[in-house]
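Side chains are part of it too, since the values below use all heavy atoms of this structure and drop only hydrogens, waters and symmetry mates. These numbers were taken from a predicted model, which means no experiment stands behind them.
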Amino acid sequence: MRLAEQLVFAVQSLAALRARTALIVLAMAIGTAGVVLLTWLGEAGRRYVTDQFAQLGTNLVIVLPGRSETTGGAPPMFGETARDLTLDDALALRRSEHVARLAPIVAGSVAVAFGNREREATVLGSTAELLPVRHLSLAAGQFLPAGDPRRGGAECVLGGTLVRELFGAASPLGAWVRLGDRRFRVTGTLASAGRSLGNDLDEMVVIPVASAMALFDSEGLFRLLVEARDRDAVARTVADCERILRTRHDGELDVTVITQASVLSTFDGILRALTWAIAGIAAISLVVAGILIMNVMVIAVSQRRAEVGLLKALGAAAPVVRTLFLWEALLLAVAGAGCGLALASAVRAAAAAFVPELRTGLPGAAVAAAALVALGIGVAFGTAPAARAARLDPVLALARR
Amino acid sequence: MIELRAIDRVFRVGDQPVHALRGVDLAIARGEYLSLMGPSGSGKSTLLNVLGLLDRPTAGSYHFAGEDTGRLDDAAQARMRRQHIGFVFQSFHLVPRLSTAQNVALPLVLAEVPRAERAERVRAQLAAFGLTDRAHHRPDELSGGQRQRAAIARATITRPQLLLADEPTGNLDRHTGEEVVRVLERLHDDGLTLIVVTHDPALGARAHRRLRMDDGRLVGDVRGAEAHDAAR
Ligand SMILES: Nc1ncnc2c1ncn2[C@@H]1O[C@H](COP(=O)(O)OP(=O)(O)OP(=O)(O)O)[C@@H](O)[C@H]1O
Ligand SMILES: [Mg+2]
């Protein structure tokens with residue numbers, strides 16, 4: 001029997017039981033769409049997070065006060081602060097030839113006021129080099145002045161939201177704002193950079209690091225951003241930082257030095273594994289759909305015993321009978337997978353129209369995997385019923401019973 | 001064309017052997033018209049299934065067109081059925097979801113006859129069996145006689161040498177049954193070897209050679225005019 005005729009025959013018998021076929025295709029479609037969409041969501045999430053990290057620059061080395069005992073893995077969020085990481089510690093790192101730029105950071109929350117308008121804002125104390133290290137850009141005016149970081153000036157740079165809320169449409173440049181009990185002059189405003197790892201730059205005030213230390217009455221840095229000269233210098237920069245700080249801290253390494261790249265790859269790895277785990281769980285529904293296909297094929301074979309007997313009487317050998325039933329299972333699986341992929345891309349298109357972060361395409365690997373799994377399921381769960389049909393004794397199958 | 005020698009067919013039901021055929025010897029020449037009669041359970045259908053290569057005998061030899069069928073594997077037997085043997089059943093066995101034309105075309109589809117030739121042969125066959133205006137009807141839209149004519153059209157579209165009919169009129173009223181028998185006899189007139197199992201003595205008597213079975217044994221084999229005479 002020719003391939004085209006086999007397909008026609010299989011399609012005809014599927015079409016004869018429209019409702020049954022539609023339901024199986026639906027089950028298969030939901031399973032396929034589930035796998036593809038969940039993988040896509042996981043992938044979009046992973047990209048979002050890793051893009052955020054990458055925005056910070058891959059030459060970046062971060063020094064945190066406190067020592068995390070865990071080696072490798074995610075960065076320590078709550079290091080035990082044995083000793084402060086001071087501004088002098090930071091400046092000492094300039095001795096390393098691998099360090100290109102350096103931005104000490106002090107962070108805190110304080111009320112910002114202009115005239116009678118006031119609101120709570122995050123204050124970032126840093127130096128002029130924060131601008132290039134964090135890849136920030138200005139909307140207007142100038143950033144913090146270069147110069148001795150130990151000197152606490154009264155300059156401040158405002159994020160976009162703060163400008164709008166405190167000044168409305170007026171230009172804030174040159175105006176004096178109050179941060180807590182101190183006065184600062186606005187020298188510039190930050191261009192909107194969106195959210196960066198949970199820090200909404202639009203809602204921040206940047207002031208000189210020494211001024212921030214005075215404002216918060218603190219000697220310790222929140223962290224220290226170090227930019228290596230290039231990617232290849234990152235490892236040596238880490239070594240230099242550790243060596244210099246160990247010496248300064250009486251031979252004890254009580255800081256944690258992490259690289260942006262390692263953070264990036266750690267997150268990337270975790271999120272990738274998570275995505276595949278989710279896809280794997282979703283794939284269970286594909287297996288369930290496969291069992292449905294098998295169930296329906298077993299029923300079909302027993303309902304169509306007479307037909308199988310007839311085909312054999314007409315001269316169809318067992319392999320032909322087997323292929324005919326296998327095609328039916330395969331067509332169910334493939335039609336289901338096709339509908340599932342169509343459904344998934346429709347959902348993706350709709351979601352992408354509303355959420356820009358979801359604009360990434362369906363992951364090709366997941367689409368290919370789902371299609372292959374569907375085919376595999378068609379074959380795996382269709383084989384047993386098809387073999388059963390092929391084994392039927394024509395005499396018994398034709399006998400009226 | 002057909003030569004059965006010492007054919008046994010034993011079914012096992014639990015530990016009990018059931019002898020459906022016992023030592024059947026039978027030779028049939030090309031173009032013969034036989035009827036096969038006997039009480040229920042005497043082995044008529046079993047003999048027909050053996051002749052049609054749907055069933056393998058437990059013992060004995062079966063030569064079809066000079067070929068020792070016992071030596072053929074399943075695929076070769078299937079090919080032989082496809083090319084040389086047609087079946088007609090009491091309950092028609094038309095595929096319910098297929099139209100009359102599609103049912104009739106089925107053997108040609110299995111034999112991989114090209115589409116254009118197939119359509120032509122199906123059209124001619126439907127015309128010969130008076131089913132042209134029923135070509136696109138499904139079996140449940142046909143009368144019993146039409147169904148059996150469609151089944152015979154299907155069984156003979158590959159121009160087999162042997163047509164095996166197991167109680168072809170069993171589900172039909174007398175008038176329709178006679179009509180179907182005339183269709184079969186016309187095919188025999190064109191050279192087809194015809195074997196009809198029946199419980200109807202009048203129908204059995206029309207055959208040129210009448211076989212009688214009892215308890216798995218061939219107990220009667222009457223030929224020629226005397227058969228017709230005996231029936232009268
Ligand atoms: N598959 C089988 N398994 C067990 N016994 C069987 C099987 N097929 C037939 N038999 C037995 O073989 C014997 C002959 O059966 P067969 O169907 O050939 O009879 P028959 O002459 O066609 O009867 P009827 O006129 O009722 O159709 C019966 O006793 C039957 O029970
Ligand atoms: Mg019978």
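Residue pairs meeting the side chain to side chain donor-acceptor pair (under 3.5 Å) criterion with at least one partner in residues 272-289 of chain A, sequence neighbours excluded, are A:Asp268-A:Arg272.
With no hydrogens or angles considered, no side-chain donor-acceptor pair links B:Thr169 and B:Gln90 at under 3.5 Å. With hydrogens and angles left out, the side-chain atoms of A:Gln12 and B:Arg97 include no donor and acceptor closer than 3.5 Å. Between the side chains of B:Asp173 and B:Thr176, at least one donor N or O lies within less than 3.5 Å of an accepting N or O.
For B:Leu98, the part lying near chain A is the side chain, with the backbone staying farther off; criterion is any non-hydrogen pair under 4.5 Å. Heavy-atom distances place no part of B:Gln77 under 4.5 Å from chain A, backbone and side chain included. In this structure, chain A has no heavy atom under 4.5 Å from any part of B:Arg138.
A salt bridge links B:Asp215 to B:Arg22: one of the charged nitrogens lies within less than 4.0 Å of a carboxylate oxygen. A salt bridge links B:Asp68 with B:Arg71: the distance from a Lys NZ or Arg NE/NH1/NH2 to an Asp or Glu carboxylate oxygen falls below 4.0 Å. Between A:Glu5 and A:Arg2 there is no salt bridge, since none of the side-chain N atoms of the basic residue sits less than 4.0 Å from a carboxylate O of the acidic one. No salt bridge links B:Glu117 with B:Arg115; every basic N to acidic carboxylate O contact stays at or beyond 4.0 Å.
Most heavy-atom pairs under 4.5 Å with chain A, from the set B:Val95, B:Val109, B:Asp74, B:Thr158: that is B:Val109.
The interface of residues 307-328 of chain A with chain B, defined by heavy-atom distances below 4.5 Å, comprises A:Glu307, A:Leu310, A:Leu311, A:Lys312, A:Ala313, A:Leu314, A:Gly315, A:Ala316, A:Ala317, A:Val320.
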